Amino acid sequence: MERARLLPIATGLNFRELGGYKTLDGKTIKWNKIVRSGRLSGLSQTDLDFLANYPIKYDVDFRSPEEKSQAPDQVPAGAKYTFDPVFPVDETQSTKQTSDLQRKMNYDPTSGLVEMRRVYRDVINQSHAQKAYRKFFDVLLANSDEDSTLLFHCTAGKDRTGMGAIFFLSALNVDEDTIRADYLLTNRAIKPRIDNLVMDLKLQNKNSAFIQSAKALQSVNISYYNSAMEAIKKLSGSTQNYLKEYLHLTDHDLADLRKIYLE
């Protein structure tokens with residue numbers, strides 16, 4: 001039977017299964033075990049029922065305290081909520097930096113790309129982010145019951161969630177081509193949202209430099225992934241070393257993860 005990678009969540013963004021991916025040693029990630037997504041606010045009762053019946057038993061929220069307070073999760077019935085902010089403050093940082101970036105976007109079409117590459121380096125280098133991803137793995141290791149699915153998310157399900165998926169798939173020994181493809185699948189999943197954004201900006205008479213940077217901020221790009229990988233290489237030499245040295249995963253943890261999520 002052909003399984004759907006994109007989940008039929010009509011009122012949410014970027015809800016995706018990580019089941020079915022193959023590992024380098026010939027195992028397969030179990031279906032209905034782990035889901036990545038955008039935020040869990042503004043969901044219809046139909047969508048919440050779908051998630052509860054999946055059954056989502058763990059909800060890991062990577063957003064900042066400000067994002068959480070502005071749009072609290074609608075936690076699916078029966079799920080345990082874990083607040084696990086990757087960044088300690090609002091992603092947009094201070095108003096001054098945001099307005100500086102907005103000004104730059106008017107004349108520099110690469111400003112969005114440059115900003116996002118910086119964000120990805122921060123995800124790898126900041127100790128707060130490292131602790132948050134270690135906590136994520138603690139919840140992954142707790143998701144050991146047969147009939148139990150873990151969902152992890154941020155706001156758009158693309159950057160903080162994208163890196164969470166990269167770490168998770170790497171820990172299970174999924175090949176890098178598959179990991180990259182899953183990361184880039186976000187652009188297909190959120191295409192209608194990006195198309196609407198471009199249309200709105202054109203209606204506001206924004207110039208092409210601004211629109212290009214806005215698209216870069218709201219989508220994923222292989223250069224963001226590469227920025228993260230370069231930062232990992234600089235710190236640890238490889239993703240496997242990074243998982244052990246900075247996220248403090250032991251060989252025992254890795255063996256348990258593979259037991260829980262692979263078949």
Side-chain angles (χ1 to χ4, degrees), residues 3-20 29-92 123 128-169 171-172 182 185-186 189-190 192-193 218 247 256-257 260-261:
R3 300 267 204 151
R5 186 136 322 274
L6 297 178
L7 299 185
I9 302 293
T11 55
L13 184 72
N14 209 2
F15 281 71
R16 284 151 52 195
E17 253 284 355
L18 290 178
I29 300 178
K30 296 172 185 173
W31 290 92
N32 286 68
K33 197 66 192 159
I34 182 158
V35 169
R36 54 174 292 177
S37 78
R39 68 187 185 187
L40 295 191
S41 60
L43 296 179
S44 68
Q45 193 56 51
T46 301
D47 286 341
L48 283 169
D49 290 346
F50 177 90
L51 294 172
N53 293 329
Y54 206 70
I56 303 298
K57 296 296 184 188
Y58 295 90
D59 166 14
V60 180
D61 183 356
F62 287 147
R63 298 174 303 158
S64 69
E66 187 173 337
E67 289 167 291
K68 178 195 173 191
S69 70
Q70 285 170 356
D73 272 20
Q74 293 168 279
V75 180
K80 181 185 176 189
Y81 176 74
T82 301
F83 182 51
D84 188 20
V86 169
F87 293 118
V89 293
D90 176 24
E91 267 279 70
T92 56
V123 166
H128 189 281
Q130 292 162 5
K131 285 176 187 149
Y133 285 114
R134 171 64 233 198
K135 186 175 176 181
F136 170 49
F137 274 102
D138 289 339
V139 186
L140 285 167
L141 287 161
N143 182 35
S144 56
D145 287 352
E146 238 0 81
D147 195 23
S148 171
T149 308
L150 180 147
L151 179 147
F152 63 104
H153 75 94
C154 50
T155 293
K158 69 185 189 75
D159 304 313
R160 292 162 289 185
T161 298
M163 284 309 306
I166 288 164
F167 291 142
F168 170 73
L169 295 171
L172 295 185
D182 179 76
L185 183 57
T186 280
I190 66 171
R193 184 183 185 223
Q218 297 300 325
L247 303 192
D256 282 350
L257 282 166
I260 293 166
Y261 291 95

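Everything numeric in this text was worked out from a predicted model, so none of it was measured. Quick note: residue numbers are just sequence positions, from 1.
- Considering all non-hydrogen atoms of both residues, Phe87 and Pro65 come closest at O-CD, 4.3 Å.
- Ile260 is not listed as a side-chain neighbour of Leu140, based on a closest heavy-atom distance of 4.5 Å or more.
- With rounding to the nearest 0.5 angstrom, the CD1 atom of Ile34 is 8.0 Å from the CG atom of Leu172.
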#### Entry: Verdict with reasoning, Lys57 to Thr149, per side-chain contact (heavy atoms from CB on, under 4.5 Å)
CA-CA 6 Å; Lys57 296 296 184 188; Thr149 308; over 6 Å; no
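- The two atoms that bring Ala77 and Ala52 nearest to each other are O-CB, 3.8 Å, heavy atoms only.
- Within the 4.5 Å cutoff, side-chain heavy atoms of Leu51 are placed close to those of Leu43.
- Every residue meeting the ring-ring contact (aromatic ring centres under 6.0 Å, His included) condition with Phe136, not counting sequence neighbours, appears here in chain and number order: Phe62, Phe152.
- Within the model, atoms CG of Leu150 and CG of Asp59 stand 8.5 Å from one another, a figure rounded to the nearest 0.5 Å.
- Across Thr186 and Lys158, no two heavy atoms sit closer than the pair CG2-CB, 3.6 Å.
- Within the structure, salt bridge (charged side-chain N to carboxylate O under 4.0 Å, His left out) pairs that include any residue of residues 132-146 comprise Arg134-Asp138, Arg134-Asp253 (at least two apart or interchain).
- Under the rule for a side-chain hydrogen bond (donor to acceptor under 3.5 Å, both in side chains), the partners of Ser148 that lie at least two apart in sequence or sit in another chain are Asn143.
- In this structure a side-chain-to-backbone donor-acceptor pair under 3.5 Å is present from Asn14 to Gly157.
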### Task
Go through the steps for Leu40 and Val75 under the test side-chain contact (heavy atoms from CB on, under 4.5 Å), then give the verdict.
CA-CA 7 Å; Leu40 295 191; Val75 180; over 6 Å; no
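- Of all heavy-atom pairs between Ala156 and Arg193, the closest is CB-NH1, 3.6 Å.
- Between the CD atom of Gln218 and the CG atom of Asp159 there is a distance of 9.0 Å, given to the nearest 0.5 Å.
- Listed by first and then second residue, the salt bridge (charged side-chain N to carboxylate O under 4.0 Å, His left out) pairs involving residues 68-80 are Arg63-Asp73 (not counting sequence neighbours).
- Put simply, the side chain of Ser37 never gets that close to the backbone of His153: no donor and acceptor are under 3.5 Å apart.
- Pairing each heavy atom of Arg36 with each of Ala165, the nearest pair is NH1-CB, 3.6 Å.
- Applying the salt bridge (charged side-chain N to carboxylate O under 4.0 Å, His left out) test to residues at least two apart or on different chains, none of the pairs has a partner in residues 38-53.
- Every residue meeting the ring-ring contact (aromatic ring centres under 6.0 Å, His included) condition with Phe50, not counting sequence neighbours, appears here in chain and number order: Tyr54.
- Remark: Thr155 engages Glu67 in a side-chain hydrogen bond (donor to acceptor under 3.5 Å, both in side chains) (not counting sequence neighbours).
- Residues passing the side-chain hydrogen bond (donor to acceptor under 3.5 Å, both in side chains) test with Asp84: none are found, sequence neighbours excluded.
- Partners of Tyr58 according to the ring-ring contact (aromatic ring centres under 6.0 Å, His included) rule, which considers only residues two or more places apart in sequence or in another chain, do not exist here.
- In this structure, the separation between OH on Tyr81 and CD on Gln74 is 12.5 Å, given to the nearest 0.5 Å.
- Annotation: side chain to side chain contact (heavy atoms under 4.5 Å, CB included) contacts of Pro72 (sequence neighbours excluded): none.
- A distance of 5.5 Å separates CD of Gln45 from CG of Leu48, quoted to the nearest 0.5 Å.
- Residues in residues 7-19 take part in these salt bridge (charged side-chain N to carboxylate O under 4.0 Å, His left out) pairs, two or more places apart or across chains: Arg16-Asp182.
- Residue Tyr261 holds its OH atom at 8.5 Å from OG of Ser144, rounded to the nearest 0.5 Å.
- Considering every non-hydrogen atom in both Ala4 and Trp31, the closest pair reads O-CZ3, 3.8 Å.
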